[in-house]
Every structure is written in structure tokens, then in C-alpha cells.
Amino acid sequence: MSGRVVRAVVPSGPPVRILVDGMEVTAYTGESVLVAVLAARNALRQHEFSDEVRAGFCLMGACQDCWVWLADHARVRACTTVVADGMSILTGSPPGFARD
Amino acid sequence: MIRVAIVGAGPAGIAAAAVLAAHGVAVTVIDEGREPGGQIYRRARAGLALDIDTLFGAEVWSYRKFHAAFDRLRDRIDYRAQTLAWAVGDKQLHTVRAGAADAVDFDALILATGATDRVMPIAGWTLPGVFTLGGAQVLLKEHGCLIGRRIVFCGSSPLLYLAAKQYGAMGATIGAILDTTPFAAKVGAAVDLLAAPNTLARGFGYMRALRGERVPIHHGVTLSAFEGASGVERVRFRDRSGREHVIGCDGVAFGFGLKPETQLAELAGVELRYDAVFRQWLPAADADGRCGGNVYVAGDGATVGGAEAAALTGELAACAVLEDAGIASTNVDPRRLRRRVARLRRFQRGLSRAFAWPAATVSALDDNVTVCRCEGIAAGELRAAIRSEFGPTEVNRLKAITRCGMGRCQGRFCGLAAAELTAQMLDVPLETVGRLRAQPPVKPIPLAVSLARNAPAAARDETSAPA
């Protein structure tokens, strides 16, 4: 499948380009990382302690099940972090980092 | 004049701030959200053409009233958005915003921290596409986004019907509404529910409207599993006669009422008391939210009661702060507020029966079902630990042995189920197995922030930091 999250309201405002695992994805100004990734993908991230993939859960900053790596080795909580143009998001961990 | 810190900018926190500011008190409001409103009055992000009237329906006036009140208050308080209060000392809150540490000194602290969804693990609940019921609503309110195209709303909560109505209005297909509480329980709770007749009527109105749109609604179901390969594709359940059904979907919103965010209250030294109606541990407070010392609680973070009760208890907590500081309050009548809160509490008791927490279903959980989604700990691992010789009889011990509740969410989403499972295995009352204790930081923060904790003044003013 393509995206999981559906934009029910047509976004106004300028599009921003982000990278998800190196692939270009179009998002919109003000969107959260979670919305931007899940509008294009099935899941957000590889779970650290199992083979499962996860797509967040509580969507309000409580469950912490949407933390993703950025290519610059920062980690962000996807549901409360706003996308920025050029942001490079990884659904796994950066090369050379252990899975957790 | 006293300094008051308020954590939370939802209906309780802002109502408290408005009363205090009107009396000339210096108020600092700390809130994690981008905008005020909490979860219930979550504002659409800037520039999004979301039709608020369609989304909020009959509730739109209370949404507008809240935001108008905040706009009037904005310049009279120190409002700090996107800021996490992660620890609390005697007269100081430790905060972090965008990775930078800070601290807020206070004479009195009002905790209006709100609540999250209360969930019971179900097979497949970690699949992509399964979200909390409250989360599904928040995504719609803030981003105008749906969690999928065809959604099943399940669990037990009055919000099932409201959320389904909102999703339907925004273009989603509603696969079904699956309520685990039998309809008879709702009729049985009618006496208490009549304490808030308008809210009750609205609830039945939603139900009727959904039936009119031919949305399948089942009461008294048993949820068996959320199933799918790389994400949720169907919900398997038994209806009240025991017949099995499967409904296709690409999104599931589920929840069983709410769970107060009590972590900061606990860190502030507030006693938590077991509440038999909610089967949860709540901050011990008097009718006005006094917890002793200089700490006060209000809103759903004190006792789940909904937005109206939250605003009233926020005003009550503010009155208590004023009274304890020897400041005469004007234009608020605490006795009238208490009467209104008491009526809403009766309504809430009714709701807790009409939409019951399915405590008993924990015994039917398959051993391989994940209980702690952070650490990936299954029910069978908990049972094995409890069964072992000298096994844990208390949940913090269970956490130490199994890691259940030790992950990033600190047991917010597994703690209640782990306690129910422990009590059921040992055949003891729930309150005897305790509750997972809160630890600072209450949510993940950068390591550099916690290292700066003992020097918050230096963190505020980098020029004074030692080289």
C-alpha cells in the first residue's frame, strides 16, 4: 500500500521536500513528521526490540512509539516535530548504530 | 504577590490561569502543545482550512469560547508553548523547550496535566494502523488527517460515537463501531447519566445519526484480534451471542476511557489513592484540588470528568490557591462551582458503568500478545515471572524482572493491564499489587538537559556558565 494517513483537508501553504530513507517525499508546511511520513508510507519505524514495524500509537506525545532517527543522527518524536525542508528521516537506525 | 505555575493549557489550566490573572497573580503556563487547547480543544495548525463547524458540530461553541478566552488572557500570562515540565522540586519546575533547559520558580503549583487513552492490550494492537481513539481525533483536529480510509472504532467509550461521527463527516468510511459494554449496562447507568441530560441526549443523538447512516454498531462484543500482514487489515470479534465476525479496515481507533497523567503530581510528593470506580490511582485532593503543601490538581489529570468539569475544577483550584494565599476572590463562587462539579461527577460514575473497563479480559489474553509495546514484553513473559518461585506480587517488582513498563512511555500504556494481569494471576484485589511509580524525566529529554538540572540558572544564561 502507499500512504496510511489520508489528508482529508487539502493542505494550503507551500510544499516542503523531505527525504524518507533517501527517497524524496512531498510534505506541507506545518505538518508533523508523523503525518508527512505516514501520508506516503505504511509505517514510521523499525521497532528496536522486535521485527515489527510501528506507525505511532497515541498521536499526542505520550506513548513515545514514534521516535525516528534523522540522517544527522538526531532523534525526534515524529508526532510533535514539525517537518522542515530538506529534513532527512530514517525509518531504521543510521549506519554504524545499533538498532536501539 | 505569589507566583503560580500551571502545567497544562487545556480547559482546566486555562480556566485556572484566567481566575488567577484576574486577581493580579503572576501566572506561568507550561504546555507541550504548539497551541493552547489540550487534546479536547486542539487547534488546527496554522493555515489549514479545516471546517471547525463540521468537525465539532454542536460542541463548536465551547471550542470557540475556550480559544476566545485564551486570546483575551494571552498578554496577561507567561505562556510557554512546546515546553515539557519533566521534573518538579519543592518550589521549582524543570522544563525543556527545543532541547534547552530552563526552570520555573513558583509559590504554588497547579497540575492540569490531562489524560491519555486507557488501553487494554489486544492481539495485534502494535500493528501499523492501530491508534488510540483520542489520537485519531487529535490527528483530525490538528492536521485535518484521517488514520485511514475505512476505520473500525472499538473499545468502550462515549467518544467512539463522537469520533466516528467526526470521521464520517470528514470523508472516512466507518467500518463498524464495536462497543465491548452491553447496551443493558448503559440503560442501567441511566439514573446517574441523567445528571447531565444534555450531554446524554447528544450521545444518543450521535448513535441515532450513525445508525441512520447504516453504520454497523455492536454492543457487548468481545474483541478477539486486530489482524494483518504489514498493517491492520481486519478486526475479528464475537458479538454478544458469541458469533464470530470479521470486518475489513485499514485503520483502527480504540480505547477504554481515559487515564490521568499523574506523574508530575507523584514527583511533587502528592499521595496517590486507589479509586475503586475507575480502578486507577488518583491524586489525593480535597474537593477544590488541594493536595497539601503548595500543590493543587485540576481537570482530567486529577479525576477524569470531561472538558466542562475540567474548566470548573480549574477555577476551583485557582480559588483554593487564592484562599490559601490570603487573597480575597471576587466574581467566582466556589460553592456554586462545587455543586456543578458534584453533578458532573455523578454523570462520570454513570459513564464508567455504561462504558466499562474490561478488567476481566486480561485473563483471556494469549501468552504471545504484547503487553508492553515499548520493550516488546508479552503476556506470557509476565505470567512466567509471576508463576516463578518467589515471583513478584507487586508491579514495580514485576517491572524490574521483566522490563514491562521500563520503556520510553514509563508504563503509561501497559501499567494498568500489567497490574490487572498480576492481580488476576494472584487472585488478589487490584489495589494490593500497587502501581508503576513515576520517575523523572516524565518523558524522554536530551541527556544534556538532565545534566544541566542542577544548574538551571546557568542554563538560562549561558554567559554565566562556567567555561
Side-chain angles (χ1 to χ4, degrees), chain A residues 1-15 27-67 73-83 91 99-100, chain B residues 32-34 39 42 44-51 82 84 99 114-117 119 125-132 134-140 142-149 167 170-172 230-231 250-251 259 261 370 373-377 403 407-410 412-413 443-444 446:
Chain A
M1 78 183 272
S2 56
R4 172 165 294 291
V5 159
V6 179
R7 294 183 177 98
V9 179
V10 180
S12 48
Y28 295 90
T29 304
E31 282 185 341
S32 65
V33 169
L34 182 141
V35 165
V37 175
L38 289 184
R41 296 291 184 88
N42 167 58
L44 263 179
R45 68 190 200 100
Q46 170 68 49
H47 183 238
E48 296 90 342
F49 308 119
S50 70
D51 294 331
E52 294 177 356
V53 288
R54 297 282 174 87
F57 180 57
C58 83
L59 306 177
M60 57 178 82
C63 78
Q64 320 299 331
D65 204 356
C66 67
W67 283 82
H73 296 181
R75 281 202 274 191
V76 298
R77 189 170 61 196
C79 75
T80 52
T81 304
V82 178
V83 284
T91 62
R99 259 174 64 178
D100 58 348
Chain B
E32 276 197 272
R34 267 202 275 184
Q39 309 308 335
R42 184 74 79 107
R45 67 169 199 254
L48 189 74
L50 184 63
D51 181 354
Q82 291 178 289
L84 169 71
T116 59
D117 289 80
V119 293
W125 73 300
T126 59
L127 281 171
V130 179
F131 296 99
T132 65
Q137 289 181 287
V138 161
L139 199 72
L140 192 48
E142 183 172 1
H143 292 289
C145 287
L146 310 170
I147 61 165
R149 291 158 185 82
Y167 263 68
M170 297 302 289
S230 59
D250 63 359
K259 175 177 185 286
E261 284 278 288
T370 300
R373 54 190 294 140
C374 294
E375 298 285 317
I377 311 298
R403 296 192 65 82
R408 290 190 192 126
C409 91
Q410 286 204 23
R412 280 177 175 79
F413 290 91
K443 289 184 183 178

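We name chains A, B, ... by the order of the sequence lines, and we start the count at 1 in each one.
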Please state whether the side chain, the backbone, both or neither of B/Ala136 comes within less than 4.5 Å of a heavy atom of chain A.
-> backbone

Just wondering, do A/Cys58 and B/Thr116 contact through their side chains at under 4.5 Å, heavy atoms?
-> no

Turns out that what part of A/Ser32 lies under 4.5 Å from chain B's heavy atoms comes down to both

When rounded to the nearest 0.5 angstrom, what distance separates CZ in B/Arg373 from NE2 in A/His47?
-> 8.5 Å

At what distance, to the nearest 0.5 angstrom, does OG1 of B/Thr132 lie from CG of A/Asp65?
-> 11.5 Å

Rounded to the nearest 0.5 Å, how far apart are CD of B/Gln410 and CD of A/Gln64?
-> 9.0 Å

A/Leu59 and B/Gln137: CA distance, side-chain angles, deciding distance, side-chain contact (heavy atoms from CB on, under 4.5 Å) verdict = CA-CA 9 Å; A/Leu59 306 177; B/Gln137 289 181 287; over 6 Å; no

Interchain contact, B/Glu375 with chain A, by part (heavy-atom threshold 4.5 Å) = both

List the atom of B/Asp117, the atom of A/Met60, and the distance in Å for their closest heavy-atom pair.
-> OD1-CE, 3.8 Å

Based on non-hydrogen pairs under 4.5 Å, which of A/Pro11, A/Gly13, A/Gly56, A/Ala43 is most in contact with chain B?
-> A/Gly56

Flag, side chain of B/Arg408 to backbone of A/Trp67, donor-acceptor distance under 3.5 Å = no

Heavy-atom closest contact (A/Val9 atom, B/Met170 atom, distance) = CG2-CE, 3.7 Å

Check whether any side-chain heavy atom of B/Glu32 lies under 4.5 Å from a side-chain heavy atom of A/Thr80, and answer yes or no.
-> no

Kindly indicate whether the side chain of B/His143, heavy atoms from C-beta on, has any atom under 4.5 Å from the side chain of A/Cys79.
-> no

Name the option with the most non-hydrogen atom pairs under 4.5 Å to chain B; the candidates are A/Val10, A/Leu44, A/Leu38, A/Val35.
-> A/Val35

Exercise: identify the closest heavy-atom pair between B/Arg45 and A/Thr29 | NE-O, 3.6 Å

Distance in Å, B/Cys374 SG paired with A/Phe57 CZ, rounded so as to fall on 0.5 Å steps | 10.5 Å

Quick one: of B/Ala44, B/Gly376, B/Gly129, who has the most non-hydrogen atom pairs under 4.5 Å with chain A?
-> B/Gly129

Quick one: of B/Thr126, B/Val130, B/Leu50, B/Val119, who has the most non-hydrogen atom pairs under 4.5 Å with chain A?
-> B/Thr126

Would you indicate whether the side-chain heavy atoms of A/Val53 and B/Pro128 approach each other to under 4.5 Å?
-> yes

Inter-residue atom distance B/Leu48.CG - A/Tyr28.OH, 0.5 Å rounding | 12.0 Å

Where the side chain of A/Ser12 meets the backbone of B/Gly47, is there a donor-acceptor pair that is under 3.5 Å apart?
-> yes

Out of B/Leu139, B/Leu146, B/Ile147, which one pairs with A/Val5 under the side chain to side chain contact (heavy atoms under 4.5 Å, CB included) rule?
-> B/Leu139

Would you give the length of the straight line joining atom CG of B/Leu127 to atom CZ of A/Arg54, rounded to the nearest 0.5 angstrom?
-> 9.5 Å

